[in-house]
Amino acid sequence: MYGFFAATIAKLFFPSTDDTVSLLLAFGTFGISYLVRPLGAVVLGRYADRVGRKAALMLSIKLMMLGTLLIAVMPTYAAIGLTAPLGILLARLIQGFSAGGEFGSATAFLVEHAPRMRGFMSSWQFASQGISTLLAASFGTLLSSTLSTGQLESWGWRVPFFFGLLIGPVGYAIRRYVDEAPAFAHDEDTTTEHGPVSEVLRHHKGRVLLAIAALAVSTAITYLITYMPVFAVKELDLPASTGFAATMVTGAVLTVVTPLVGHLSDKTGRIRVMATSAVLILLLIRPVFAFLVAHPGFGVMLTVMFLIGLLKAGYFGALPALLSDLFPRSSRATGMSISYNLGVMLFGGTTPVVIVWLVDVTGDKLAVTWYLAALAALSLAAVAIARRRFGIR
């Protein structure tokens, strides 16, 4: 939601005479929270490998609720001055720390509950991101089409964050009463000689680098999708509701297709599925965006975002299982958490800033496609190395 309403948040919390500067500051705050993600990955990932996946997941959702509450109630710059953007930054740092340990703990929890269906089970981690995109875009579409600009800036943008707070207790209750992952609960040796963090840093540095490279293109596209409502308004002169509606389509595609791809990867192998999708992204991303820029409109925007959703689902539906295959159980949550959050820090939270900067500096609305194509090539190489070096099929 922060990314979707970045233009509004920029105006309310990061005012400037230059709209681009305000937007860069807003997305900069969005991105800087990713710097703390690796710290959350180390602390909460280690906690998950030592104490349990369930305990780490309960702690992470408490922290996420706290960060979301701070954003929901924070007074604007006009009301409290510099304290407002600092408060937003603090909230984003708390959220970043929480999210840092979430991926590894959740994915380890899923694959260890059904090891023979690792692709299908772990794909729900990313399918849930599709659901969140769908919910966030639905709020954006509803609010931007029914509220005036004044109403949206006064109170409308806060509504989705309060809704997030309603989800929090439900998620906490589910995590509290669900059983611990069997592979962890039945393994008495829950520690290693040096601990999970030391094990990853001493023995699995190559696996971490490989995982980061494999994450690159998927992560960048995730935050490209987050930026698209702003891109629609700022670069294509389309109504905000068009960008949100198109992103709803992407969220629906990700939710439905991702588990199907995860299931397919259990049958045919992760590498074949991911390599095919990476090649398609590499070849299609520029012509697809070129068509959108040349023919901006509601129908074209929906079609393009539908295709982007398919390309992304085809790649990241098998990705969490690939990451889990890279690390042993004793350090799985830590290894995946560190890898995922370093990847997100490098290629995720920075993507909206890179897009705004590239378009502003070059004057080319398609400049970001070269960036995405380069990341697709990097991820394709990582997938090939994972097969050759570690025997992942």
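Values below: every heavy atom of this structure, side chains too, minus hydrogens, waters and symmetry copies. In this chain, residues are counted from 1 in sequence order.
Separating the OG1 atom in T362 from the CH2 atom in W357 is a distance of 8.5 Å, to the nearest 0.5 Å. One finds the OG atom of S339 at 9.0 Å from the CE atom of M336 (value rounded to the nearest 0.5 Å). L380 contributes atom CG, which lies 9.5 Å from atom OG1 of T276 (distance to the nearest 0.5 angstrom). Atom CZ of R158 and atom CD1 of I71 lie 10.5 Å apart (nearest 0.5 Å). With values rounded to the nearest 0.5 angstrom, R46 atom CZ is found 11.5 Å from I338 atom CD1. Annotation: the span from K267 atom NZ to M117 atom CE amounts to 8.5 Å, rounded to 0.5 Å.
The side chain to side chain contact (heavy atoms under 4.5 Å, CB included) test with L86 is passed by exactly one of L82, I88, L90: L82. For the pairing with F316, the ring pair (Phe, Tyr, Trp, His ring centres under 6.0 Å) check across W124, F126, Y340 returns one residue only, F126.
With 3.5 Å as the limit, one finds no donor-acceptor pair spanning the side chains of T107 and Q125. For the residue pair R270/S265, the side-chain donor-acceptor check at 3.5 Å is satisfied. Side-chain atoms of T222 and Q129 form no donor-acceptor pair, as typed in the model, at a separation below 3.5 Å.
Hydrophobic cluster membership differs between Y172 and Y177, with clusters built from Ile, Leu, Val, Met, Phe, Trp and Tyr side chains linked at under 4.5 angstrom. Note on L310: it clusters hydrophobically with L264, by side-chain heavy-atom contacts below 4.5 Å among ILVMFWY residues. Under a hydrophobic clustering in which Ile, Leu, Val, Met, Phe, Trp and Tyr are joined whenever their side-chain heavy atoms come within less than 4.5 Å, directly or via other members, V36 and Y47 fall into the same cluster. Residues F97 and L93 fall within the same hydrophobic cluster, defined by Ile, Leu, Val, Met, Phe, Trp and Tyr side chains chained together at heavy-atom separations under 4.5 Å. Grouping the Ile, Leu, Val, Met, Phe, Trp and Tyr side chains by contacts below 4.5 angstrom, directly or via other members, places I271 with Y315.
In this structure, R92 is positioned above the aromatic face of Y2, its NZ or CZ under 6.0 Å from the six-membered ring centre and within 45° of the axis.
Under the 3.5 Å distance criterion, the side-chain polar atoms of S379 are matched with a main-chain donor or acceptor of L375. Proximity of a side-chain donor or acceptor of R286 to a complementary backbone N or O of L366 within less than 3.5 Å is detected. A donor-acceptor pair under 3.5 Å is formed between the side chain of S277 and the backbone N or O of V273. No side-chain donor-acceptor contact under 3.5 Å links K365 to the backbone of V293. A donor-acceptor pair under 3.5 Å is absent between the side-chain atoms of K312 and the main chain of L254, judged by distance alone. Counting only distance, with no hydrogens or angles, the side chain of T219 and the backbone of A216 share no donor-acceptor pair below 3.5 Å. Of the possible polar contacts, one joining the T141 side chain to the A245 backbone as a donor-acceptor pair under 3.5 Å is found. Looking only at distances, no side-chain donor or acceptor of S98 sits under 3.5 Å from a matching main-chain atom of I94.
In this pair, F5 and F244 present their aromatic rings tilted. The plane angle is within the 30 to 60° band. Ring-plane geometry between H295 and F291 is classed as tilted, the angle between the planes lying from 30 to 60 degrees on a 0 to 90 degree scale.
Between L25 and F13 the shortest side-chain heavy-atom distance does not fall below 4.5 Å. Between I281 and I221, some side-chain heavy-atom pair lies under the 4.5 Å cut-off. Counting heavy atoms from C-beta on, the side chains of R175 and M58 come closer than 4.5 Å. Residues M228 and L292 are in side-chain contact: their nearest non-hydrogen atoms beyond the backbone lie under 4.5 Å apart. For the pair V208/F327, a side-chain contact is recorded, criterion being any heavy-atom separation below 4.5 Å from C-beta on. At least one side-chain heavy atom of V300 sits under 4.5 Å from a side-chain heavy atom of V304.
Nearest heavy-atom pair, T258 versus A313, reported as atom, atom and distance to 0.1 Å: OG1-CB, 3.7 Å. The two residues A373 and L282 come nearest to each other via the heavy atoms O-CD1, 3.2 Å. Closest heavy-atom contact between A26 and A10: CB-CB, 3.7 Å. The two residues G119 and A321 come nearest to each other via the heavy atoms CA-CB, 3.6 Å.
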Full working for side chain to side chain contact (heavy atoms under 4.5 Å, CB included) between V368 and V354: CA-CA 8 Å; V368 68; V354 170; 5.6 Å; no

Residue pair L143, Q151: steps toward the side chain to side chain contact (heavy atoms under 4.5 Å, CB included) verdict: CA-CA 9 Å; L143 295 173; Q151 290 173 322; over 6 Å; no

Trace of the side chain to side chain contact (heavy atoms under 4.5 Å, CB included) decision for L142 with S138: CA-CA 6 Å; L142 178 65; S138 298; over 6 Å; no

Working for side chain to side chain contact (heavy atoms under 4.5 Å, CB included), residues F347 and L215: CA-CA 8 Å; F347 304 112; L215 282 158; 6.0 Å; no

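In summary, the aromatic rings of F163 and W157 are positioned with their centroids too far apart to meet the 6.0 Å limit.
Using a 4.0 Å cut-off between charged nitrogen and carboxylate oxygen, E102 and K62 do not count as a salt-bridge pair. Using a cutoff of 4.0 Å between basic side-chain nitrogens and carboxylate oxygens, R118 and D266 are not scored as salt-bridged.
Residue F306 places its CZ atom among 12 or fewer non-hydrogen atoms of other residues, nucleotides or ligands, all under 6.0 Å distant.
Checked against side chain to side chain donor-acceptor pair (under 3.5 Å), K11 has the following partners two or more places apart in sequence or in another chain: E153.
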